[in-house]
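In what follows, residues are counted from 1 in the order of the sequence shown.
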Amino acid sequence: MAGGRASAKRRAVLAALITLLFLASVSFLLSATGTSSALNSPPSRLAAIRRHAEDHAAVLAAYAAHARRLSAASATQTDSFISISGHLSSLSSRLSLSTVPLLEKETRGQIKRARALAGAAKEAFDTQSKIQKLSDTVFAVGQQLLRARRAGLLNSRIAAGSTPKSLHCLAMRLLEARLANASAIPDDPPVPPPQFTDPALYHYAIFSDNVLAVSVVVASAARAAAEPTRHVFHVVTAPMYLPAFRVWFARRPPPLGAHVQLLAVSDFPFLNASSSPVLRQIEAGNRDMGLLDYLRFYLPDMFPALRRVVLLEDDVVVQRDLAGLWRVDLGGKVNAALETCFGGFRRYGKHLNFSEPTVQERFNPRACAWSYGVNVFDLAAWRRDQCTERFHQLMDMNENGTLWDPSSVLPAGLMTFYANTKSLDKSWHVMGLGYNPHIRPEDIDGAAVIHFNGNMKPWLDVAFNQYKHLWTKHVDTEMEFLTLCNFGL
């Protein structure tokens with residue numbers, strides 16, 4: 001078997017050499033002014049052709065060697081190399097000065113095929129070319145999505161992967177239930193329970209208008225906790241959705257004695273256009289910005305009695321007790337998050353506009369980016385470093401959207417907490433369940449939190465089947481409004 005492979009290799013290299021010599025000869029003959037001039041060419045021209053052929057024969061031999069090392073899926077490429085080499089060698093044996101005009105058409109067709117094959121081989125073997133092509137594709141798609149959003153073709157909720165129709169239906173059904181039996185759904189008490197402000201407990205912040213998603217986050221975290229009664233979830237939503245949240249959690253309280261505080265933007269009087277550039281820009285007509293997304297930059301003001309808060313996105317599922325996050329040493333930094341960079345990808349240069357001098361002067365494009373989803377915030381360090389004030393400065397500088405895309409909240413976080421973020425161990429946060437179908441099962445099983453970031457959210461019909469059950473097992477399917485609103489569960 002080894003002898004057969006060596007023999008095949010020698011045949012491929014010999015065929016490559018003959019092919020390139022033939023191509024060089026044809027090119028020389030066709031470019032000559034006449035047959036006599038071709039026959040009387042100086043030796044230096046022949047030497048140049050010979051060197052050119054030898055160089056390219058070596059390249060083609062390398063491609064053939066690479067193709068043989070590939071899997072069976074690439075074996076056809078090796079066959080193509082051998083086939084085209086045989087065709088060109090056959091043409092070479094029929095070549096003479098008298099037959100050049102007759103063979104010209106056939107030769108050019110074979111040359112065209114050879115060039116196409118070589119181009120495909122280069123793309124397959126050249127890793128840098130593949131990376132560049134992928135990067136260009138990702139950038140192009142991102143630009144298309146950005147233009148679509150700005151043209152009003154995609155609203156912020158679709159871009160986040162939600163289904164406004166079903167979610168709106170659910171909210172309206174819950175609101176109808178509240179109106180039909182208002183006395184059974186009490187408002188929050190005038191004096192909040194002491195657990196809501198007790199810094200000795202484990203506090204989470206969730207910003208969302210998706211009541212179903214939030215219910216899964218709360219239920220999964222409570223069930224995974226060793227001491228559920230010590231976990232407090234502060235849920236902030238838009239005023240129009242607050243009654244729906246109240247109905248849901250009145251009918252389905254958090255399991256195992258966990259606590260939920262339901263809040264609306266209107267519960268924070270300091271959030272107004274005169275003090276917040278976020279509110280000011282939204283009121284001025286910036287439709288790209290989502291208010292709930294940007295409220296995370298006001299955590300110390302929202303919860304002045306707390307020292308540490310874990311921020312959870314609404315598209316996560318908790319699989320392991322998160323109490324250990326309160327024991328993570330942040331080393332004096334404000335934020336702890338999962339770093340997402342690898343190689344040249346997912347660094348600051350991807351998220352910020354480094355053609356702007358302001359960005360160039362303050363940030364390193366090679367700095368490693370991180371992700372939202374699971375973030376540990378030291379609110380005392382936040383207040384000490386005046387991170388909200390820094391965020392306001394950045395928002396004022398980006399009023400025209402030139403520093404970063406305002407439809408994404410991550411760049412604002414990368415800038416606000418630049419050099420002030422500690423890397424979180426990967427076992428705390430596994431991402432990609434909303435776009436990557438090839439996550440290793442052992443990574444998912446060992447994760448404290450799994451994150452369905454991406455467009456294929458678990459409450460959508462397009463969700464990956466292999467992941468969806470990880471989310472749906474925490475859905476209270478006995479809630480009658482879900483079937484009425486056609487959720488694909």
*Asks:* So, the side chain of Gln466 versus the backbone of Pro437: is there a donor-acceptor pair under 3.5 Å, distance only?
*Replies:*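 Such a contact is found between Gln466 side chain and Pro437 backbone.
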
*Asks:* Phe363 and Phe354: side-chain contact (heavy atoms from CB on, under 4.5 Å), yes or no, with the steps?
*Replies:* CA-CA 9 Å; Phe363 306 100; Phe354 276 87; 4.0 Å; yes

*Asks:* So Glu399 and Pro277, do their side chains get closer than 4.5 Å, heavy atoms only?
*Replies:*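 When only atoms from C-beta onward are counted, Glu399 and Pro277 do not touch, as no gap falls below 4.5 Å.
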
*Asks:* Could you label the plane-to-plane angle of the Phe297 and Tyr372 rings as parallel, tilted or perpendicular, counting under 30° as parallel and over 60° as perpendicular?
*Replies:*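 If you compare the ring of Phe297 with that of Tyr372, the planes turn out perpendicular.
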
*Asks:* Between Arg296 and Glu313, does the side-chain contact (heavy atoms from CB on, under 4.5 Å) criterion hold? Intermediate values first, please.
*Replies:* CA-CA 11 Å; Arg296 66 192 65 198; Glu313 296 292 339; 2.8 Å; yes

*Asks:* Can any side-chain N or O of Asn353 pair as donor or acceptor with the backbone N or O of Thr402 at less than 3.5 Å?
*Replies:*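 Judged by distance alone, yes, a pair lies under 3.5 Å.
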
*Asks:* Would you check if Tyr348 and Leu414 make a side-chain contact, meaning some heavy-atom pair closer than 4.5 Å?
*Replies:*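 With C-beta onward as the side chain, the pair touches.
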
*Asks:* Under a 4.5 Å cut-off applied to non-hydrogen side-chain atoms, are Val334 and Leu330 in contact?
*Replies:*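 Counting from C-beta outward, Val334 and Leu330 never come under 4.5 Å.
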
*Asks:* As an exercise, state the distance from CG of Asp425 to CG of Leu325, rounded to the nearest 0.5 Å.
*Replies:*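 Going from the CG atom of Asp425 to the CG atom of Leu325 covers 10.5 Å.
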
*Asks:* Does Glu478 have more than 12 heavy atoms from other residues, nucleotides or ligands lying within 6.0 Å of its CD?
*Replies:*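 Atom CD in Glu478 is not packed in, count stays at 12 or less.
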
*Asks:* Under 3.5 Å, side chain of Arg230 to main-chain N/O of Tyr202, donor-acceptor pair present?
*Replies:*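 No, because the side chain of Arg230 does not come within donor-acceptor range (under 3.5 Å) of the backbone of Tyr202.
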
*Asks:* Under the side-chain contact (heavy atoms from CB on, under 4.5 Å) criterion, do Arg252 and Ser215 qualify, and how do the steps go?
*Replies:* CA-CA 9 Å; Arg252 299 290 190 273; Ser215 73; over 6 Å; no

*Asks:* Please determine which of Val430, Leu424, Leu322 meets the side-chain contact (heavy atoms from CB on, under 4.5 Å) test together with Val374.
*Replies:*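 Considering Val430, Leu424, Leu322, a side-chain contact (heavy atoms from CB on, under 4.5 Å) with Val374 is found only for Leu424.
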
*Asks:* Test your reading of the model: is there a side-chain donor-acceptor pair from Lys468 to the backbone of Leu460, 3.5 Å cut-off?
*Replies:*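 Such a contact is found between Lys468 side chain and Leu460 backbone.
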
*Asks:* Could you tell me whether Asp396 and Arg280 have a side-chain N and a carboxylate O separated by less than 4.0 Å?
*Replies:*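 Looking at Asp396 and Arg280, the cut-off is met.
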
*Asks:* Give, for atom CE of Met302 and atom CZ of Phe270, the distance between the pair rounded to the nearest 0.5 Å.
*Replies:*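 Between atom CE of Met302 and atom CZ of Phe270 there are 5.0 Å.
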
*Asks:* Got more than 12 heavy atoms from elsewhere within 6.0 Å of CZ, Arg362?
*Replies:*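 No, the 6.0 Å shell around CZ holds no more than 12 heavy atoms from other groups.
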
*Asks:* Identify the heavy atoms of Pro406 and Tyr294 that sit nearest to each other, and give their distance.
*Replies:*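 So the minimum-distance heavy-atom pair works out to O-OH, 2.8 Å.
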
*Asks:* Is the Tyr467 ring parallel, tilted or perpendicular to the Phe464 ring (thresholds 30°, 60°)?
*Replies:*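 Ring orientation, 0 to 90° scale: perpendicular.
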
*Asks:* Tell me whether Arg307 forms a cation-pi arrangement with Trp326, defined as NZ or CZ under 6.0 Å from the six-membered ring centre and within 45 degrees of its axis.
*Replies:*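 Cation-pi check for Arg307 and Trp326: fails.
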
*Asks:* How long is the straight-line distance from CG of Asn398 back to CH2 of Trp404, given to the nearest 0.5 Å?
*Replies:*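 Separation between the atoms: 4.0 Å.
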
*Asks:* Side-chain contact, heavy-atom cut-off 4.5 Å: Asn420 with Asn335?
*Replies:*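 They are not in side-chain contact.
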
*Asks:* Just by distance, do the side chain of His474 and the backbone of Val218 share a donor-acceptor pair under 3.5 Å?
*Replies:*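 A pair under 3.5 Å: no.
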
*Asks:* Answer yes or no: is there a side-chain heavy-atom contact under 4.5 Å between Leu352 and Leu403?
*Replies:*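 The answer is no, as the side chains (C-beta and beyond) never meet within the 4.5 Å cut-off.
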
*Asks:* Classify the side-chain pair Trp370/Ser423 by whether it contains a donor and acceptor separated by less than 3.5 Å.
*Replies:*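 Their side chains do not contain a donor-acceptor pair, so the 3.5 Å distance test is not met.
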
*Asks:* Nearest 0.5 Å, please: how far is CD1 in Ile439 from NE2 in His451?
*Replies:*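 Answer for the NE2-CD1 pair, His451 versus Ile439, is 11.0 Å.
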
*Asks:* Is there side-chain contact between Arg320 and Ser427, with at least one heavy-atom pair below 4.5 Å?
*Replies:*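 Arg320 vs Ser427: side chains touch.
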
*Asks:* May I ask you to decide if the ring planes of His392 and Tyr298 are parallel, tilted or perpendicular, using 30° and 60° as cut-offs?
*Replies:*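 The rings of His392 and Tyr298 sit tilted, inter-plane angle from 30° to 60°.
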
*Asks:* Stepwise, does the side-chain contact (heavy atoms from CB on, under 4.5 Å) test hold for Leu338 with Lys426?
*Replies:* CA-CA 6 Å; Leu338 176 69; Lys426 293 181 179 180; 3.7 Å; yes

*Asks:* Can a donor-acceptor pair be found, under 3.5 Å and without considering hydrogens, that links the side chain of Ser220 to the backbone of Val217?
*Replies:*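 Flag set: sc Ser220 to bb Val217 pair under 3.5 Å.
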
*Asks:* Could you give the distance from CG (Asn272) to OG (Ser266), rounded to the nearest 0.5 Å?
*Replies:*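 Interatomic distance, Asn272 CG to Ser266 OG, rounded to 0.5 Å: 13.0 Å.
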
*Asks:* Can you tell which of Tyr204, Phe245, Phe303 makes a ring-ring contact (aromatic ring centres under 6.0 Å, His included) with His234?
*Replies:*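 Of all the options given, the one that passes is Phe303.
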
*Asks:* Fit a plane to each ring of Trp459 and Trp471, take the angle between them on a 0 to 90° scale, and name the class: parallel (under 30°), tilted (30 to 60°) or perpendicular (over 60°).
*Replies:*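 The rings of Trp459 and Trp471 sit tilted, inter-plane angle from 30° to 60°.
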
*Asks:* With a 4.5 Å heavy-atom cut-off, do Ser371 and His429 have their side chains touching?
*Replies:*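 Sidechains of His429 and Ser371: in contact.
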
*Asks:* May I ask you to test the Leu482-Leu170 pair for a side-chain heavy-atom distance under 4.5 Å?
*Replies:*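 Heavy-atom side-chain distance check passes, below 4.5 Å.
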
*Asks:* Going from CG on Leu433 to CG on Leu470, what distance comes out if it is rounded to the nearest 0.5 angstrom?
*Replies:*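 Spacing of CG (Leu433) from CG (Leu470) equals 7.0 Å.
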
